[in-house]
Amino acid sequence: MVQHHPASQHLPDRETETPLLLRPLPADPLPANETQDEPGRPQGPAPGSLADMVSALEKEAQRLRRAEKALLESNDALTLLSETANELLSTERPQEVIGILFEKLSARLGLDAYFNYLVDEQKGKLHLNSYGGIPPDVAGEIEWLEYGQAICGCVARDGCRIVAEDVQRSADVRADLIRSFGIMAYACHPLIAHDRVIGTFSFGSSRKPHFEPHELALMQAVCDQVSMAMSRIVLISELRRRETFQRLLADASALLAASLDYEKTLPSLACLISESVADWCIFDLAEGPGSFRRLAVGTRGADSRAIASQLEECQLLALEEVQSLERVLRTGEAEIYAETSESVLATFSRQTREQRRLAELGVASILIAPLAGRQGPLGVMTWVSTRTGLHFGSDDLSLAQEMANRAAIAVENARLYRLSREAIHARDEFLSVAAHELKTPMTSLRGFAQTMLRQLEKGKTGDPLRLQRMLQVIDRQSEKLSQLVTQLLDVSQIDAGWLTIERKTVEIGELVRGVVDSVQLMAPSCRVVVRIHEPIWSAVDSLRIEQVVSNLLDNAVKFSPEDGKIDVDIWSPEIGTVKVAVRDRGTGIPPDQREHLFDRFYRAHAADHSSGIGLGLYISRHIVELHGGKIEAEFPTEGGVRMIISLPTTLADVKRQFRHERDEVPR
Amino acid sequence: MKVLMVDDDQSISEFVTWALSDEGYEVFTAPNGAAALQLLERYSPDLILLDMRMPVMDGWQFARTYRERKACPAPIIVLTAAKDASGRAAEIDADAHLAKPFNVIDLLDTVRRFLPVG
């Protein structure tokens, strides 16, 4: 290679005041005479005198010596590049071998100083990773550089190499820093991984005013190696990170699949997460509007229960208290607080004392992900980092969302499974109760019939009074059976949507009194007091409404004490409405049983086997609703139950409807 | 020989009383377990016919309490409308069982197994 680079248009005029320039990587310079050679032209001296021949030979020998030297230099350069490549490839931390690379280069290129800055993305600044040629206290002053500050800052900002020459004579402010170190020639290279500037690597010489092109080329080649080595490490660590994520997700899936009991699996998941990606992991489940339950708190190393109770004690990170948790639950969007400044902590607790407590616990970064169910969020998962320097980022967010999705599916599946189990249980229970209710009257029917037959077979006619009694029982039991069968048929009609009503205008008081009379006959010990405030006419399906009133009265009698009083009121609270209330003074309904009173198969007194088949109130509710009315239960403080039916008195409308229907009949 | 019939359905108790009285047995009835325990303070039956699903006190609770209280408890025949009558009987370690609706002849045969003479 040439020793002296010929002046060319892309090199600066060394006498000018602006020796700093940006320039592209120069092409591999060739010896001047070679570049001037024209192809096709015969080489060597023209045939002539001996002196000419000697001169030609000498020239040829010179050319060969130059070529040999160039070859040796290029060989040296290649050897050096191979050594630096070896250094860079044999480590997982290329940033730690920068000094060794400099040693190798400096001996060859006469370098006196180097600086290696790396981008700190959290801080948005450049950090001095490695340096040489300046005292440590001076290095301490330039530990951090802003983008655009000094030459390194400009290279990092723009992603272009800067070569500075004759620095000591330059007035460029960007060179102030290196000028103060006595540097004369300087070259700063961007380190680029995956199209992003990740740092800079710069070399300075205090011995010469500028670098030769081949020297610049060699520095550039080493910097390219560093870039590639760092890209490689970025890729490797990304691969490892993904592998870790996948393994974590697989572990989480296995954990959640191990049992349908999320009360047990979510705490284990919280532990798994807190042992790997976060320091604390908290699961909060929404249990209803404005009501939440902290299901699990997992913490790394420290005692989970201690942290959980601390959080509990001062309402720290409690869903009810913290707006961001509530917001994640409402919007279903995850939130990240990469750094917890005072203002961030303020949003996580209302009291300054609690904010201090969070800071003392070392809360450094927070991530909140919704547990998204099919019908909106089921709760939230909160990750907390308590290590300075470990801040959650977008990578953690995607993992957190994956984790949260799996947890949500587990919770939802478990709930669906529980619902289906409950439905199956209710059906089984119904079948068993229905069997009991059907078999009991059947038992006495058969029993009496067989007892009578035995008597007849023995030739005894028997006592006529006893015979009468037997036939009465048989009659009543078959009536009971037929009622049960009717109820079962009603329910299947309701389920199929086939239950219809046929309206006819009747006086409601009269209808109710009729039912009361027949119930009173069967239960003479109960005192039923009927109060009819005024005659009220309404178009109803009288058989169906009788069925409802009779069901309410039967229940009242069944749960009343001997000779208990039952009040029946019929009144019109406003025009267009009639109400019928049946009030007993019986056992009442326990508060926890009231919610499902009108549900199918629901038996409020199932525990003591005194409830019937669990269909009466369910059928009654449907009949009343078909009439456009409603049925409610009140629970007086003195005990017992007050059942109230409200029905619209839709006389005019019904008449109009009847007329309308008649008009539509084809002639 | 004394038989205690425990069932909340009055008409079942009624015909069982007639059928057994006709064979010479003395029958007491109780509408639930608690009433039966009260009766047992005055009478000691030689056999108990027991329904399982009853209000106030069911058959399970009655059987447990009765056996706890008596040194030599009478045999118990379970009368049940449940699908798995033998299972029910096993639950309280009963001596025999009859599935409702049962045949009067079967009832008499089962009772005679424990009390041959009425």
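Residue numbers start from 1 in every chain, and the chains themselves are labelled A, B, ... in the order their sequence lines are given, proteins ahead of strands.
- Proximity to chain B among residues 634-643 of chain A is not found for any residue, judged by heavy-atom separations below 4.5 angstrom.
- Counting non-hydrogen atoms of other residues, nucleotides and ligands closer than 6.0 Å to CD of B:Q10 gives a total of 12 or fewer.
- Of all non-hydrogen atoms in A:T440 and B:D9, the two that sit nearest each other are CG2-OD2, 3.1 Å.
- Within the 4.5 Å cutoff, side-chain heavy atoms of B:W18 are placed close to those of A:R469.
- Side chains of A:Q450 and B:F15 form no contact here, defined as non-hydrogen atoms less than 4.5 Å apart.
- Between A:S432 and B:R53, the closest side-chain pair of non-hydrogen atoms falls below 4.5 Å.
- Listed by sequence position, B:A81, B:A82 are the residues of residues 70-82 of chain B in contact with chain A, using a 4.5 angstrom heavy-atom cutoff.
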Enumerate, atom names and distances included, each donor-acceptor pair closer than 3.5 Å involving a side-chain atom of residues 33-46 of chain B, sequence neighbours excluded.
unit_1: B:D46; atom_1: OD2; unit_2: B:K2; atom_2: N; d: 2.7

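- Considering only heavy-atom pairs separated by less than 4.5 Å from chain B, the leading option among A:T451, A:L445, A:V473 is A:T451.
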Please table the atom pairs, donor to acceptor, closer than 3.5 Å between any side-chain atom in residues 100-111 of chain B and protein atoms at least two apart or in another chain.
unit_1: B:K100; atom_1: NZ; unit_2: B:D7; atom_2: OD2; d: 2.8
unit_1: B:K100; atom_1: NZ; unit_2: B:D51; atom_2: OD1; d: 3.2
unit_1: B:N103; atom_1: OD1; unit_2: B:I105; atom_2: N; d: 3.3
unit_1: B:D109; atom_1: OD1; unit_2: B:R112; atom_2: NH1; d: 3.3
unit_1: B:T110; atom_1: OG1; unit_2: B:D106; atom_2: O; d: 2.6

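- Of the two parts of A:R466, the backbone and the side chain both hold a non-hydrogen atom closer than 4.5 Å to a non-hydrogen atom of chain B.
- No option in A:R476, A:Q472, A:Q477 other than A:Q477 meets the side chain to side chain donor-acceptor pair (under 3.5 Å) test with B:S11.
- In A:R421, the CZ atom is not crowded: 12 or fewer heavy atoms of neighbouring residues, nucleotides or ligands sit closer than 6.0 Å.
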